[in-house]
Amino acid sequence: MKTSKFHIMTTRETPADAEIASHQLMLRSGMIRKLTAGIYSWSPLGWRVLKKVEQIVREEMDRAGYLEMLMPAVQPAELWKETGRWEDFGGQLLKILDRAGREYVFGPTHEEVITDLARNELRSYKQLPVTFYQIQTKFRDEIRPRFGVMRAREFLMKDAYSFHIDEASLDQTYWEMYEVYSRIFERAGLMFRAVRADSGAIGGSQSHEFHVLAESGEDLIAFSTDSEFAANVELAEAVAPAGATPPAKEDLLLVDTPDAHTINDLVEQFGLPVEKTVKTLIVEAAEESGSGFVALLVRGDHVLNEFKAARLPQVATPIRFATEDEIHAATGAGPGSLGPVGLKIPAVVDRTVAAMSDFAAGANQDGKHYFGVNWGRDTELPEQADLRNVTEGDPSPDGEGTLQLARGIEVGHIFQLGTKYSESMNAVVLGEDGKSHVMPMGCYGIGVSRIVAAAIEQNHDEKGICWPDPIAPFQVAILPMNARKSHRVREAAELLYADLQAAGVEVLLDDRNVRPGVMFNDMELIGIPHRVVIGERGLDEGVLEYRKRTDTENGEIPLEGAVEALLERLG
RNA sequence: CGGGGUGUAGCGCAGCCUGGUAGCGCAACUGCUUUGGGAGCAGUGGGUCGGGGGUUCGAAUCCCUCCACCCCGACCA
């Protein structure tokens with residue numbers, strides 16, 4: 001491709017409403033253009049990248065023996081009413097009417113359609129297991145679309161669905177899919193982690209999310225230094241401290257702390273180590289507990305995990321923090337002066353807190369704290385539970401290694417659905433035993449368009465995008481210097497261009513009559529991984545200038561055999 | 001859905017408070033010069049000032065209303 005024939009639409013200025021790097025760079029490089037909130041056009045340049053990702057996904061799915069198909073984007077409401085999701089899916093479901101006033105949805109996902117197909121087509125266990133997939137535009141009416149195609153309303157997704165005679169078969173395909181997904185992200189050249197996700201209300205089902213690691217990720221994940229363990233921070237267990245609680249060394253001391261209303265104040269004003277402080281949070285109690293409010297205690301530098309807290313039988317669901325007035329009424333003190341000693345309401349302490357000694361906490365009197373608090377001696381140790389978010393350095397819940405934290409962008413999700421849809425839609429086959437069996441199902445999604453944005457988040461610098469080779473729109477950019485004046489340069493560029501194309505390389509020749517700086521900046525912004533500069537100077541010496549996008553220094557390759565030399569570098 | 005903000009040339013913005021015939025930078029187009037890191041000079045084109053209504057001799061500017069977009073939150077997991 002030549003730039004003169006390929007619509008390059010780079011911009012120097014950053015659009016005002018783009019916040020994160022990938023969004024800015026996709027707009028500046030001209031990969032996408034916004035049509036309306038959360039809905040984007042993909043330019044010829046962007047489309048090349050999207051197709052690359054799509055093709056990697058397709059090849060790996062095909063290789064695993066999964067069957068590609070295409071389902072309708074527009075689906076009748078009846079199917080969604082059958083599974084109850086017409087109501088349950090919520091506002092993200094885009095409902096549309098046809099001219100006769102019949103109700104439809106624009107598919108945000110396709111469990112209903114595929115299950116309908118399966119119940120009509122699948123009759124015998126001999127046809128199982130089978131996995132169908134499609135790569136298709138989905139629409140979810142996000143409450144707040146943002147970050148460009150990262151969280152768009154319309155997006156490209158690969159969704160797959162598997163059908164089985166029993167749970168064991170489902171489990172087998174599930175783990176197979178886990179490997180397929182891992183290969184896909186590896187092939188795309190991305191750093192990723194498979195993260196165990198919440199099995200949640202559905203219970204017992206396996207579920208993993210695949211996250212591309214990037215600082216701007218919306219999810220915080222914890223993973224072990226030494227094992228495969230990885231989990232969303234909100235779901236990772238904070239392991240109870242090993243070893244016995246250190247013995248008390250200090251006496252209980254009531255201290256005037258008129259200006260200390262937060263843990264920070266306490267640490268700054270009294271020079272206490274934050275690990276020796278405890279904070280007390282008051283939430284509404286479950287009705288049957290009859291106490292009105294419950295205190296939750298975590299170490300000063302720890303963060304209460306609302307998921308974990310909400311699961312406590314003592315705590316009302318949904319979880320609600322007490323107001324300042326309620327706290328006063330329940331404890332006799334303000335929120336900045338609460339603690340376990342002399343507390344009038346029931347409390348639950350984090351397991352880390354339970355193992356602390358000689359710590360500081362509010363005295364339940366305004367403007368006073370106790371220092372040197374010890375369990376048992378100064379107050380009864382309340383019930384213990386895992387209440388906090390894990391932090392970096394915590395032991396891994398699986399006992400191997402310690403936890404590290406990283407931000408991730410969810411680009412894939414695999415799930416053992418079980419019979420949720422097959423049961424409500426009566427998708428059954430005859431088994432070997434001659435009886436009807438409801439088919440357990442799995443579903444497996446990959447956000448194809450999101451991967452493009454995630455890849456940029458993970459691979460960019462101050463000049464622009466740094467595509468991993470496998471998903472770059474072009475592999476090589478040829479920049480002729482002053483081609484207008486130099487027929488030698490022009491000819492050398494055309495020759496190399498033709499030779500690389502003949503060798504099957506995707507190459508972009510910048511034949512625009514623009515200054516070199518423009519070419520350099522555009523090609524770096526667009527992120528083409530390999531750059532060849534052709535100039536009179538080099539031709540005199542029989543060399544071409546070569547530079548990898550992520551390198552900081554220029555290299556040279558001999559004009560003689562340049563194609564072969566380049567092919568080697570493309571890997 | 002609640003709160004906040006913004007809509008003026010393709011992009012980024014000023015003008016609005018204090019009403020008087022719409023401007024700057026970048027981009028685009030033409031010509032000449034220039035060509036190893038976003039060129040210089042000269043010239044040109046481009047605007048329903050988000051839409052509708054009102055006040056006024058006169059509205060980008062003031063008032064009402066609708067719409068769109070952005071940010072924070074809630075929701076969702």
Side-chain angles (χ1 to χ4, degrees), chain A residues 7-20 23-24 27-30 33-40 43 85 87-93 108-109 140-148 151-153 195-202 205 207-209 211 218-221 231-235 305-307 310 318-321 408-410 413 415 445 447 462-464 477-486 489-490 493 510-526 531-541 543-547 552 554 556:
Chain A
H7 186 62
I8 300 268
M9 39 195 210
T10 55
T11 61
R12 199 184 312 193
E13 284 171 284
T14 305
D17 53 6
E19 294 219 314
I20 60 170
H23 189 193
Q24 292 174 354
L27 288 168
R28 287 226 293 134
S29 65
R33 289 290 181 249
K34 183 170 79 172
L35 180 63
T36 183
I39 301 181
Y40 292 85
S43 72
R85 291 211 290 182
E87 303 297 339
D88 296 344
F89 202 87
Q92 287 202 3
L93 189 63
T109 177
R140 292 183 189 171
D141 197 356
E142 291 282 343
I143 293 168
R144 207 176 139 206
R146 59 185 130 178
F147 305 146
R151 191 185 202 83
R153 296 199 289 173
V195 173
R196 183 176 293 275
D198 190 12
S199 55
I202 294 167
S205 302
S207 178
H208 282 85
E209 294 170 353
H211 287 259
E218 290 190 89
D219 300 298
L220 192 59
I221 59 181
N232 201 303
V233 159
E234 293 177 331
L235 303 170
N305 181 309
E306 295 186 27
F307 276 88
I319 190 166
R320 183 180 74 80
F321 286 92
I409 299 162
E410 185 189 344
H413 197 167
F415 205 93
E462 64 288 345
K463 290 175 172 172
I478 300 175
L479 309 195
M481 293 295 104
N482 202 7
R484 170 159 278 208
K485 286 277 173 64
S486 166
V489 166
R490 207 158 55 233
D510 200 341
D511 60 343
R512 294 175 296 174
N513 181 29
V514 294
R515 300 173 72 83
V518 176
M519 293 185 186
F520 288 131
N521 284 313
D522 274 352
M523 293 304 124
E524 281 162 350
L525 175 60
I526 289 170
R531 180 181 83 190
V532 176
V533 176
I534 302 179
E536 290 270 0
R537 234 187 278 154
L539 291 179
D540 288 341
E541 295 165 26
V543 295
L544 301 172
E545 185 181 303
Y546 167 82
R547 180 140 148 193
T552 49
N554 288 332
E556 286 181 349

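Every chain is numbered from 1 and lettered A, B, ... according to where its sequence line falls, protein lines coming before strand lines.
Residues passing the side chain to side chain donor-acceptor pair (under 3.5 Å) test with A/R146, sequence neighbours excluded: none. Every residue two or more places apart in sequence or in another chain was checked for a side chain to side chain donor-acceptor pair (under 3.5 Å) with A/N232, and none qualifies. For A/F321, there are no ring pair (Phe, Tyr, Trp, His ring centres under 6.0 Å) partners two or more places apart in sequence or in a different chain. Shown here are the side chain to side chain donor-acceptor pair (under 3.5 Å) partners of A/N482, two or more places apart in sequence or in another chain: there are none.
The structure places NE2 of A/H211 at 10.5 Å from CD of A/E218, a figure rounded to the nearest 0.5 Å. The distance from the NZ atom of A/K463 to the CG atom of A/N521 is 8.0 Å, given to the nearest 0.5 Å. Taking CE from A/M519 and CZ from A/R531, the interatomic distance works out to 11.5 Å, rounded to the nearest 0.5 Å.
Checking B/A42 for Watson-Crick or G-U wobble geometry (two distances, each under 3.5 Å) identifies B/U30 as its partner. Checking B/A9 for Watson-Crick or G-U wobble geometry (two distances, each under 3.5 Å) identifies no partner in any strand. Searching all strands for a Watson-Crick or G-U wobble partner of B/C57 with both distances below 3.5 Å returns B/G20. Nucleotide B/C76: unpaired (no Watson-Crick or G-U wobble partner with both distances less than 3.5 Å). Base pairing annotation: B/G37 forms no Watson-Crick or G-U wobble pair, as no partner gives both donor-acceptor distances under 3.5 Å. Checking B/G47 for Watson-Crick or G-U wobble geometry (two distances, each under 3.5 Å) identifies no partner in any strand.
With both ends at atom C1', the span from B/U48 to B/A22 equals 14 Å, rounded to whole Å. Between the P atoms of B/G58 and B/C13, the separation comes to 34 Å (whole Å). For B/U30 and B/G46, the C1' atoms lie 15 Å apart once the distance is rounded to whole Å. Separating the P atom of B/G38 from that of B/U6 is a span of 36 Å, rounded to the nearest Å. As rounded to the nearest Å, B/U8 and B/C70 have P atoms that lie 14 Å from one another. With both ends at atom C1', the span from B/G52 to B/C67 equals 10 Å, rounded to whole Å. Separating the C1' atom of B/C62 from that of B/U18 is a span of 11 Å, rounded to the nearest Å. Taking the C1' atom of each, B/G31 and B/G25 are spaced 23 Å apart, rounded to whole Å.
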Q. When every nucleotide of nucleotides 66-71 of chain B is labelled 5' to 3' by its protein contacts under 4.0 Å (heavy atoms), B for base, S for sugar-phosphate only, - for none, what sequence of letters results?
A. ---SSS
Q. Just by protein heavy atoms under 4.0 Å, how would nucleotides 27-43 of chain B read 5' to 3' in B, S and -?
A. S------BBBBBB----
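At distances below 3.5 Å, at least one donor-acceptor pair connects side-chain atoms of A/S43 with backbone N or O atoms of A/G30. Judged purely by atom type and a 3.5 angstrom limit, A/R153 uses its side chain to pair as donor or acceptor with the backbone of A/A37.
Atom CG of A/D88 is separated from atom P of B/C75 by 18 Å (rounded to the nearest Å). In this structure, A/L27 places its CG atom 14 Å from C1' of B/G10, rounding to the nearest Å. In this structure, A/F89 places its CZ atom 11 Å from C1' of B/A77, rounding to the nearest Å. Straight-line distance from the CG atom of A/D219 to the P atom of B/C76: 16 Å, rounded to whole Å. In this structure, CG of A/D141 is placed 11 Å from P of B/C1, rounded to the nearest angstrom. Rounded to an integer number of Å, the gap from A/I143 CD1 to B/G73 P is 13 Å. Atom C1' of nucleotide B/C75 and atom CZ of A/R140 are separated by 16 Å, given to the nearest angstrom. Rounded to an integer number of Å, the gap from A/Q92 CD to B/C1 P is 15 Å.
In this structure, A/E545 does not pair ionically with A/R537, as no charged nitrogen and carboxylate oxygen lie closer than 4.0 Å.
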Q: Would you check, one step at a time, whether the test salt bridge (charged side-chain N to carboxylate O under 4.0 Å, His left out) holds for A/E536 with A/K485?
A: CA-CA 10 Å; A/E536 290 270 0; A/K485 286 277 173 64; over 6 Å; no
